[in-house]
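In what follows, a structure is listed as structure tokens, so that the remarks can point back to it.
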Amino acid sequence: MGSRVRWMIGTALFCVLASGLSYLEFLLPINAAVPIPGFKLGLSNAIVLFLLHRDRRQAFAVLLGKTALTALLFGGATSFVFSLCGALLSFFGMLALDFLLAEHITDLSLSCAGGVLHNLGQLCAAIAFMGGKALLPYATPLMLAGLCCGAVIGLFLNTFSERMNGVLAKLRF
Amino acid sequence: MKKAKPMDAVLILLFVLVSLVPLTGLLPRPAQSAQIVRVTTPEGTEEYALDDHTIALDSHGYHLTLAVSADGVQVTSSDCPDHTCMKTGKITRAGNAIVCVPAHVRVDLVGGEGYDGIAG
């Protein structure tokens with residue numbers, strides 16, 4: 001099997017895995033526990049961040065794929081635009097941090113950056129869309145919630161990413 | 001297993017501080033008594049007086065009912081999927097707003113020329 005085909009299959013599998021995690025989030029009654037509109041755990045960011053260290057192009061492809069797939073399955077045009085703004089800001093933020101400080105930081109702070117920037121991007125899109133300062137009170141709780149979820153995902157990746165790489169190596173991905 | 005590094009803690013602290021920045025935009029806002037309800041939909045902006053009546057809105061395929069009273073306004077019914085607009089409850093102060101993203105509706109309370117007090 002050619003390496004290009006292997007890459008595409010890998011990308012498709014990771015897209016589905018990330019969308020599956022988004023679906024899992026969709027099923028959990030998170031908004032009952034944390035009543036902040038627009039709040040999500042961002043489990044699928046774990047996949048993107050994991051791939052960021054392996055293959056940046058694949059990470060970006062999965063990011064776009066899972067955002068589109070999630071919007072098609074569970075959201076709509078509005079949620080796609082919001083998610084895409086958040087996803088792009090968080091991806092390029094994590095990429096820049098990884099590029100600048102790779103030796104000094106771990107997935108913990110990368111994931112926190114992703115969580116905060118994702119929610120910030122979504123909020124900026126919402127403010128651009130709705131206008132005005134009406135959404136400003138949501139900014140701090142949303143960004144802090146993103147930070148907390150990012151921390152949990154970052155700790156998970158710090159603990160398991162080597163093992164996950166081992167499993168993927170066995171599967172020759 | 002990778003252990004967190006000191007720089008991680010520095011960055012996380014930085015993110016917490018950045019998260020708190022939007023709060024500063026909320027602090028220096030003088031209290032104003034609300035006088036007008038301004039409803040913004042994709043079709044345009046309408047203004048209503050603050051007295052007891054209801055407003056029925058059709059916007060972007062959704063139907064909302066606003067209950068206006070002398071001291072504020074709230075969304076009493078909406079067929080949007082998340083009901084965030086209803087959960088916002090009643091807003092009573094000028095500058096506060098209810099937003100229904102699915103219906104593309106925004107309800108603002110607008111103050112008059114009210115001041116807390118005039119010195120001198």
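Within every chain, numbering begins at 1; the chains are lettered A, B, ... in the order of the sequence lines, protein sequences first and strands thereafter. All values below were derived from every heavy atom in this structure, side-chain atoms included, with hydrogens, water molecules and symmetry-related copies excluded.
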Worksheet item: Do A:L157 and A:V152 share a hydrophobic cluster, counting only Ile, Leu, Val, Met, Phe, Trp and Tyr and linking them when any side-chain heavy atoms are less than 4.5 Å apart?
Response: no
Discussion item. Tell me whether the count of non-hydrogen atoms from other residues, nucleotides or ligands lying under 6.0 Å of CZ in B:R38 goes above 12.
Written reply: no
Discussion item. Report which part of A:F160 has an atom under 4.5 Å of a heavy atom belonging to chain B: side chain, backbone, both, or neither.
Written reply: neither
Worksheet item: In terms of hydrophobic clustering (I, L, V, M, F, W, Y; side-chain heavy atoms under 4.5 Å; direct or indirect links), are A:L51 and A:F92 co-clustered?
Response: yes
Worksheet entry | Shortest non-hydrogen separation from A:E162 to B:K2 and the atoms involved | OE2-CG, 3.9 Å
Response to the item:
With chain A, the option among B:A9, B:S19, B:A97 that has the most non-hydrogen atom pairs under 4.5 Å is B:S19
Discussion item. Check for me, please, whether A:I153 and A:L24 land in the same ILVMFWY cluster - side-chain distances under 4.5 Å, paths through other members count.
Written reply: yes
Worksheet item: Where do A:T78 and B:H104 land on the side chain to side chain contact (heavy atoms under 4.5 Å, CB included) test, with the steps shown first?
Response: CA-CA 10 Å; A:T78 318; B:H104 295 199; 4.2 Å; yes
Worksheet item: Which residues in residues 75-86 of chain B have any heavy atom lying under 4.5 Å from a heavy atom of chain A?
Response: B:T84
Scan the side chains in residues 112-123 of chain A for donor-acceptor partners under 3.5 Å anywhere in the protein, sequence neighbours excluded, and list what turns up.
from   : atom 1 : to     : atom 2 : distance (Å)
A:N119 : ND2    : A:L142 : O      : 2.7

Fill in: Steps toward side chain to side chain contact (heavy atoms under 4.5 Å, CB included) verdict (B:M7, A:L101)
CA-CA 9 Å; B:M7 197 63 169; A:L101 297 168; 4.0 Å; yes
Worksheet item: For A:S161, is it the side chain, the backbone, both, or neither that has a heavy atom closer than 4.5 Å to a heavy atom of chain B?
Response: side chain
Discussion item. Tell me whether A:L17 shares a hydrophobic cluster with A:L27, the cluster being built from Ile, Leu, Val, Met, Phe, Trp, Tyr side chains joined at under 4.5 Å.
Written reply: no
Practice prompt. Measure distances from A:L147 to the heavy atoms of chain B and classify the residue's part below 4.5 Å as side chain, backbone, both or neither.
Written response: side chain
Discussion item. Looking at A:T106 and B:A4, would you say the former's side chain and the latter's main chain have a donor-acceptor pair under 3.5 Å?
Written reply: no
Worksheet entry | Contact origin within B:V18 toward chain A - heavy atom pairs under 4.5 Å | both
Worksheet item: Can you tell which of A:A126, A:S79, A:S109 has the highest number of heavy-atom pairs within less than 4.5 Å of chain B?
Response: A:S109
Response to the item:
d(B:D8 CG, A:S111 OG) to nearest 0.5 Å is 10.5 Å
Response to the item:
dist B:L20:CG -> A:T140:OG1 (nearest 0.5 Å) comes out at 6.0 Å
Practice prompt. Would you indicate whether the side-chain heavy atoms of B:L11 and A:L110 approach each other to under 4.5 Å?
Written response: no
Discussion item. Between B:V101 and A:F82, does the side chain to side chain contact (heavy atoms under 4.5 Å, CB included) criterion hold? Intermediate values first, please.
Written reply: CA-CA 11 Å; B:V101 176; A:F82 286 12; 4.1 Å; yes
Discussion item. Could you see if A:F91 belongs to whatever hydrophobic cluster contains A:L84? Use Ile, Leu, Val, Met, Phe, Trp, Tyr and a side-chain cutoff under 4.5 Å.
Written reply: yes
Worksheet entry | From CG (B:L23) to CG (A:L136), nearest 0.5 Å | 8.5 Å
Worksheet item: B:K3 versus chain A, heavy atoms under 4.5 Å apart: side chain, backbone, both or neither?
Response: backbone
Discussion item. Around atom OH of A:Y23, are there more than 12 heavy atoms from other residues, nucleotides or ligands closer than 6.0 Å?
Written reply: no
